[in-house]
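Please read the structure below before turning to the comments.
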Amino acid sequence: MASLRIVVALSVGALVPVLDASELVAAQAELLRAVAQSPSLGAAARRVTAAQARVDSAGRLPDPEVEGMFSRMDGPMGARSTMYEMNVRQPLPRRGERAAGRDRAAAGVAMADADYALMAGEMAADTAMALAEAGAAQARIALLETQLGRLQSVSRSVEVRLSAGSSVRLADRLAIETRVASMQLMIEEERRMADDALAEARGRLGLAPEAALPDFAAPTVAEISVSDAAALQMATARVGEASAMVKMAHASARPMTAVGLRLERERMAMGDEDTIGVAFMSEIPWRSRRYAAADARAAGADRSAAQAEGEAARYRIQSSLTRVGRAGRLAATARRLGDETLTRLDAEYDSLVQSAGVAGAGASAIFEIVELLEKATDAKLRIIQADLGFDLARAELWRYAPVSLFPLTLNSSLP
């Protein structure tokens with residue numbers, strides 16, 4: 001029988017490929033293109049377009065108003081007169097209202113941009129996690145199928161010994177068959193997990209069941225900048241919107257005014273009489289100041305909440321970065337200890353073969369070899385699991401990737 005390292009020949013590099021810089025960028029670009037083409041991101045991109053269009057209508061001036069009037073007067077002693085009147089009035093915005101409206105529209109664009117990047121990061125992270133889960137399941141399937149083939153070979157060897165009347169017991173064969181059945185069930189469970197993970201990735205991307213998926217990709221720790229993260233951009237945009245709402249609340253406490261031009265002609269028996277006048281109108285800010293103070297307090301509370309959300313996002317990002325470091329160290333330790341374990345199992349296997357005289361001679365030697373194979377498989381499974389944890393931690397970094405990684409130009413659904 002070959003060395004145990006051949007039995008578990010699936011390398012760690014099959015799960016965590018070593019990519020150069022250009023290949024890493026290409027893998028990231030492929031994943032981001034798939035994310036940008038999803039229906040959910042298409043809707044978010046259109047919300048950005050809508051927010052940008054609202055900027056043109058922000059801080060608008062009210063339309064002028066025109067009022068016409070006709071009246072007839074019948075007085076005593078047959079006095080009669082006809083009056084024509086036209087008023088042209090221009091309502092004026094409250095002081096600071098237009099600037100506050102423009103600030104709010106600009107904050108709306110910033111929020112839409114941040115929301116798009118935030119949604120793209122969430123989708124990229126969830127998709128990458130699903131791809132990592134599927135890749136780990138496929139790696140476990142390959143490893144378990146190798147182990148299953150060895151167990152089936154041992155089972156056939158036991159069958160031959162039983163038919164030849166050797167000392168191998170029937171219970172030994174049944175025990176091996178039980179292990180084979182258990183291994184087959186494990187493989188089927190792993191296949192289901194892999195299929196479920198791939199289906200989840202396709203569902204998040206809005207792809208058909210038969211559509212191809214991008215390869216796993218994740219940003220590096222060096223690419224993450226706390227100040228450029230979409231979560232921080234969203235918090236900053238909300239602070240800007242709340243500040244604009246404070247300005248609007250203060251503006252609403254000021255009176256609304258209007259100026260107008262009044263033209264009047266009165267026709268009487270003694271001759272026509274023309275009148276030209278200038279009008280000015282102003283509200284009395286009696287109740288509005290109290291309401292405006294309440295709106296300003298509410299907007300100030302919203303601004304404080306947005307600032308707190310920004311601080312919380314900073315802590316989450318720092319926590320994710322440290323989690324990647326811990327997962328990477330654990331994966332490296334698992335690979336090192338796994339290699340050392342396989343080396344010891346190799347030595348134990350060689351000692352077993354030498355003591356038995358002939359590889360696989362006797363029922364006890366067979367079962368010891370089976371135990372060694374299972375130990376080697378278990379060591380490799382631990383390495384795969386550690387690498388999966390590292391991949392999941394790296395995939396989560398998509399949630400905090402810089403906004404510049406999610407340009408709207410990647411989305412083809414925009415008009």
Side-chain angles (χ1 to χ4, degrees), residues 9-46 48 116-146 186-220 223 230 324 331 384-385 387-415:
L10 182 64
S11 65
V12 178
L15 183 61
V16 185
V18 178
L19 303 177
D20 58 27
S22 60
E23 291 175 336
L24 180 61
V25 171
Q28 291 180 354
E30 181 185 5
L31 178 61
L32 290 177
R33 275 194 298 270
V35 168
Q37 300 307 316
S38 65
S40 298
L41 262 294
R46 291 183 179 276
V48 174
Y116 176 86
L118 197 62
M119 185 179 295
E122 292 285 341
M123 186 174 297
D126 293 339
T127 302
M129 287 181 177
L131 293 174
E133 293 279 4
Q138 291 166 352
R140 290 192 295 266
I141 289 171
L143 185 61
L144 293 174
E145 284 180 342
T146 302
M186 291 174 63
I187 291 174
E188 290 304 318
E189 290 175 346
E190 293 294 341
R191 285 201 178 99
R192 180 190 61 80
M193 291 177 61
D195 292 340
D196 287 348
L198 294 176
E200 180 181 358
R202 289 190 174 91
R204 292 190 178 278
L205 296 177
L207 298 177
E210 67 279 0
L213 284 168
D215 294 331
F216 172 84
T220 62
E223 292 179 282
V324 172
I384 293 175
Q385 192 62 30
D387 286 333
L388 173 61
F390 184 41
D391 281 347
L392 293 178
R394 292 192 300 137
E396 191 178 4
L397 293 181
W398 279 121
R399 306 185 197 277
Y400 314 115
V403 175
S404 58
L405 288 181
F406 311 108
L408 283 172
T409 53
L410 289 177
N411 199 293
S412 61
S413 64
L414 292 176

Where the side chain of [X] meets the backbone of [Y], is there a donor-acceptor pair that is under 3.5 Å apart?
| X | Y | answer |
| --- | --- | --- |
| Ser38 | Ala34 | no |
| Trp398 | Ala217 | yes |
| Arg202 | Pro209 | yes |

To the nearest 0.5 Å, what is the distance between [atom1] on [X] and [atom2] on [Y]?
| X | Y | atom1 | atom2 | answer |
| --- | --- | --- | --- | --- |
| Ile141 | Thr146 | CD1 | OG1 | 11.5 Å |
| Leu41 | Met123 | CG | CE | 5.0 Å |
| Phe216 | Gln28 | CZ | CD | 10.0 Å |
| Glu200 | Leu205 | CD | CG | 10.5 Å |
| Asp387 | Leu392 | CG | CG | 11.0 Å |
| Glu122 | Thr127 | CD | OG1 | 11.0 Å |

Grab the two heavy atoms, one from [X] and one from [Y], that are nearest each other, plus how far apart they are.
| X | Y | value |
| --- | --- | --- |
| Asp126 | Arg399 | OD1-NH2, 3.1 Å |
| Ala331 | Phe390 | CB-CB, 4.1 Å |
| Leu405 | Leu32 | O-CD1, 3.3 Å |
| Ala117 | Val403 | CB-CG1, 3.9 Å |
| Leu198 | Ala134 | CD2-CB, 3.6 Å |
| Leu207 | Ala212 | CD1-O, 3.8 Å |

Notebook entry, point to check: Among pairs that include at least one residue of residues 127-136, which meet salt bridge (Lys or Arg N to Asp or Glu O under 4.0 Å), considering only residues two or more places apart or in two chains?
Noted result: none

Item checked: Pair Arg192 + Glu188: basic N to acidic O under 4.0 Å -> no

Note to self: Does this structure show an ion pair linking Arg191 with Glu145, if we count only N-O contacts that are shorter than 4.0 Å?
What the structure shows: yes

Notebook entry, point to check: So do the side chains of Arg140 and Leu388 get within less than 4.5 Å of each other, counting heavy atoms only?
Noted result: yes

